[in-house]
Amino acid sequence: MLADNLREVSQRLYSAAAAAGRQPPLLVAVSKLQPAAAITELAAAGQRHFGENYVQEALRKRREIPPGDGEAAVWHLIGHLQSNKAREAAETFDWVQTVDRPSIATALARHRPPARGPLDVLIQVNVDDEPGKHGCRPDEVPALADAIAAQPALRLRGLMLIPTPHPDPEDRRPAFRAGRALYEALHAAHPGVDTLSMGMSDDWQVALAEGATMVRIGTALFGARPAR
Ligand SMILES: *Cc1c(COP(=O)(O)O)cnc(C)c1O
């Protein structure tokens with residue numbers, strides 16, 4: 001059944017990308033609050049990239065996933081990261097999409113086990129410049145990017161953003177467009193940058209049209225999330 005959802009979502013991503021003349025975006029399956037069995041099922045259906053919001057929950061679930069299909073999984077941290085969790089995050093994840101300050105970049109670099117190779121990171125940008133929201137300000141991106149690029153234990157891959165959740169996804173388009181402009185500027189300064197992570201279950205069409213190369217989709221794949 002989850003395999004059917006995966007097929008349907010992938011097909012919609014492919015046709016929307018083709019219609020826009022773009023490459024299909026990389027699909028990150030957001031498995032927060034979903035049981036390990038659901039991850040195992042989706043991995044068996046061929047899904048590789050999974051996104052988790054909480055470090056402890058991800059650690060616990062990874063231990064529950066039996067060897068096999070889950071071994072190929074690539075793990076993305078997409079929730080806010082506190083400094084006291086940096087070590088576990090650097091050990092557990094393949095990507096951290098929520099780097100929003102130099103101190104967290106330094107902490108991740110210090111704790112990344114050398115044997116794992118560089119940690120792929122995205123800068124989370126508060127593109128609407130909304131007070132109280134996670135993510136750095138748009139004008140902080142260049143300096144933060146330089147700080148990340150100076151760490152051999154980190155690999156700067158791009159930007160991640162979550163627009164203000166206006167009820168009509170169309171009203172999020174300006175935020176996606178602003179993200180795209182920041183991404184282009186970042187790519188010009190750091191040619192290794194190749195990822196613009198934006199778009200969720202209810203707004204990925206708009207995000208894709210505005211240039212997303214990676215979408216983070218939970219509900220449309222797994223169904224509604226159980227309560228925390
Ligand atoms: C939960 C979450 C998603 C997925 O949301 P859905 O609406 O279930 O697709 C994507 N990105 C982040 C950062 C999230 O926290």
Side-chain angles (χ1 to χ4, degrees), residues 1-2 4-13 16 24-36 38-39 41-42 45 47-58 61 73-82 85 89 92-101 104 120-128 130 132-136 157-173 175-176 178-180 182-183 195-228:
M1 185 214 131
L2 292 187
D4 295 335
N5 293 355
L6 177 60
R7 200 173 321 112
E8 192 179 316
V9 167
S10 304
Q11 272 164 7
R12 292 177 65 202
L13 289 172
L26 191 92
L27 171 61
V28 175
V30 175
S31 46
K32 63 167 175 256
L33 305 180
Q34 301 292 350
I39 298 173
E41 188 180 336
L42 215 56
Q47 177 61 26
R48 267 198 76 175
H49 293 260
F50 291 90
E52 288 282 344
N53 289 59
Y54 312 102
V55 177
Q56 301 305 324
E57 180 189 335
K61 288 197 293 202
V74 177
W75 294 90
H76 297 244
L77 180 64
I78 61 169
H80 179 67
L81 179 58
Q82 289 165 339
K85 297 272 165 48
T92 306
F93 288 91
D94 303 292
W95 291 62
V96 173
Q97 299 204 7
T98 51
V99 174
D100 60 0
R101 54 203 191 278
I104 204 76
D120 286 306
V121 304
L122 300 180
I123 294 174
Q124 182 178 359
V125 57
N126 178 1
V127 77
D128 307 290
E130 205 188 335
K133 237 175 69 171
H134 294 306
C136 72
R157 298 294 297 269
L159 292 180
M160 182 275 232
L161 61 99
I162 309 169
T164 305
H166 300 292
D168 181 355
E170 194 52 46
D171 293 334
R172 305 176 202 170
R173 187 181 293 273
F176 291 136
R180 168 71 179 271
L182 284 170
Y183 170 72
T195 302
L196 178 55
S197 171
M198 57 185 194
M200 321 203 289
S201 290
D202 65 345
D203 62 10
W204 66 260
Q205 279 101 336
V206 183
L208 184 57
E210 294 300 332
T213 71
M214 176 185 279
V215 293
R216 310 175 309 267
I217 294 185
T219 312
L221 285 171
F222 291 103
R225 274 183 284 280
R228 194 164 184 213

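These figures come from a predicted structure and were not determined experimentally. Numbering of ligands and ligand atoms starts at 1, following listing order. Numbers for residues simply follow the sequence, beginning at 1.
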Q. Taking both backbone and side-chain atoms of Ala220, is any N or O found less than 3.5 Å from an N or O belonging to ligand 1?
A. no

Q.
Would you say CD of Glu130 has more than 12 non-hydrogen atoms from neighbouring residues, nucleotides or ligands within 6.0 angstrom?
A. yes

Q: Provide the number and element of each atom of ligand 1 under 4.0 Å from a heavy atom of Arg216.
A: 4 (C), 9 (O), 10 (C), 11 (N), 12 (C), 13 (C)

Q: Please write down residue, atom name and distance for the protein heavy atom closest to atom 1 (C) of ligand 1.
A: Lys32 NZ, 1.3 Å

Q) At a 4.0 Å threshold, what atoms of ligand 1 neighbour a non-hydrogen atom of Gly218? A) 4 (C), 6 (P), 8 (O), 9 (O)

**Q.** Enumerated ligand 1 atoms positioned under 4.0 Å from heavy atoms of Ile78
**A.** 11 (N), 12 (C), 13 (C), 14 (C)

Q. What distance separates Asp203 CG from Glu170 CD, expressed to the nearest 0.5 Å?
A. 10.5 Å

Q) Between the main-chain N or O of His49 and the side-chain N or O of Gln47, is there a donor-acceptor pair closer than 3.5 Å? A) yes

Q | Protein contact to atom 9 (O) of ligand 1 [nearest heavy atom, distance to 0.1 Å] | A | Ser201 OG, 2.6 Å

(Q) Taking 4.0 angstrom as the limit and counting only heavy atoms of Ile162, give me the atoms of ligand 1 inside it, by number and element. (A) 13 (C)

Q. Numbering the atoms of ligand 1 from 1, which are under 4.0 Å from a heavy atom of Asn53?
A. 14 (C), 15 (O)

Q: Could you list the atoms of ligand 1 found under 4.0 angstrom from a heavy atom of Ile217?
A: 9 (O)

(Q) Give the atom numbers and elements of ligand 1 that come within less than 4.0 Å of a heavy atom of Thr219. (A) 6 (P), 7 (O), 8 (O), 9 (O)

Q.
Given Arg172, which partner from the list Asp202, Thr164, Asp128 fulfils the side-chain hydrogen bond (donor to acceptor under 3.5 Å, both in side chains) test?
A. Asp202

Q. For ligand 1, does Gln97 get within less than 4.0 Å through its side chain, its backbone, both, or neither, judged by non-hydrogen atoms?
A. neither

Q | Ionic contact status for Glu57 with Lys32, cut-off 4.0 Å | A | no

Q: Find the distance between OG1 (Thr219) and CG (Asn5) and round it off to the nearest 0.5 Å.
A: 11.0 Å

Q. What residues, two or more places apart in sequence or in another chain, satisfy salt bridge (charged side-chain N to carboxylate O under 4.0 Å, His left out) together with Asp100?
A. none

Q: Write out the residue and atom name of the closest protein heavy atom to atom 10 (C) of ligand 1, then the distance separating them to 0.1 Å.
A: Met200 SD, 3.1 Å

Q.
When you compare ligand 1 with Asp202, is there at least one nitrogen or oxygen pair between them that comes in under 3.5 angstrom?
A. no

Q: Give a yes or no on whether the backbone of Ala220 and the side-chain of Ser201 come within a donor-acceptor separation of less than 3.5 Å.
A: yes

**Q.** Between CD on residue Gln97 and CG on residue Leu81, distance to nearest 0.5 Å
**A.** 12.5 Å

